[in-house]
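Small disclaimer: the values here were computed from a predicted structure and weren't measured. Each chain gets a letter, A, B and so on, in the order its sequence line appears, and its residues count up from 1.
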Amino acid sequence: MNYWLLKTEPSAYSIDDLKRDKTTAWEGVRNYQARNFMQQMKKGDLCLFYHSSTEPVGVFGVAKVTKEAYPDASQFNKKDSHFDPKATKEKPIWFCPDITFVKKFKEPFLLTHIKADHALRGIMVAQQGSRLSVQPVSEMHFTYITKNA
DNA sequence: GCCAACGTTGGC
DNA sequence: GCCAACGTTGGC
C-alpha cells in the first residue's frame, strides 16, 4: 500500500465538500508529474488531504483511493477551464482516480507544525517551492501525521 | 497582494 | 535542445 498527499484550495474543493460528496473524481490536475503519481495509485491507498492557499494551511483529513486512474472527463469538455484541445477520447492525456472521504481531523495538522517537527523532516510538502499537487508520502510520515493530528 | 520558485512554451 | 519569457502556484 502507498500513501499520498493531495493538495486542494478549499475555496475550490474542501474536506467538507468531500465529506458531503463521500466520493469524487480528482479531476483537473494538469501537471505531468502529478498525473504520473495518480496513475500509480492503487485501490485502498490512503491520502493526506491538504488545504493550500488558505488560512491556516495544513493537512485536514484523510481520503482513500476507491477507483484507479481513468481518463479525466474535464479534458474533453470545452466549457471546463481544464479543457485540453490536444486530448482526444482515443488518446486522453489526463487521468484521475476517484477518492473517498475517510475522516476529517478534529484539529488540522498545520504546515507550521509539519515544518517544526523533526519526525517529519524531509516530507515533500514542507520543502521550499514544493508546488506539486499530488505527492508521495512515506508510511512513517503518513502514520505520524494521522496519529498526532 | 506580493513575489520567489517553479513548470511550460516557443523562437531560434 | 537551449533558454528567455511567460504564466501559475502558494506561503506569507
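In the displayed structure, A:Glu139 atom CD is contacted under 6.0 Å by at most 12 heavy atoms of other residues, nucleotides or ligands.
Atom pair A:Tyr32:OH and B:dG7:C1' shows a separation of 11 Å (rounding to whole Å applied). In this structure, the CG atom of A:Asn31 is 14 Å from the C1' atom of C:dG7, given to the nearest Å. Rounded to whole angstrom, the span from the CZ atom of A:Phe37 across to the P atom of B:dG7 amounts to 12 Å.
A ring-centre distance under 6.0 Å is not found for A:Trp4 and A:Tyr50.
Judged by distance alone, the side chains of A:Ser14 and A:Asp16 never bring a donor and an acceptor atom under 3.5 Å apart. With no hydrogens or angles considered, no side-chain donor-acceptor pair links A:Asp98 and A:Trp26 at under 3.5 Å.
Using a 4.5 Å cut-off on side-chain heavy atoms (C-beta onward), A:Thr146 and A:Val62 make contact.
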All N/O contacts under 3.5 Å from nucleotides 9-12 of chain C to the protein, with atom names and distances to one decimal?
residue: C:dT9; atom: O4'; partner: A:Arg131; partner atom: NH2; Å: 3.4
residue: C:dG10; atom: OP1; partner: A:Lys7; partner atom: NZ; Å: 2.9
residue: C:dG10; atom: OP1; partner: A:Arg131; partner atom: O; Å: 2.6
residue: C:dG11; atom: OP1; partner: A:Tyr50; partner atom: OH; Å: 2.7
residue: C:dG11; atom: OP2; partner: A:Ser53; partner atom: N; Å: 3.1
residue: C:dC12; atom: OP1; partner: A:Lys115; partner atom: NZ; Å: 3.0

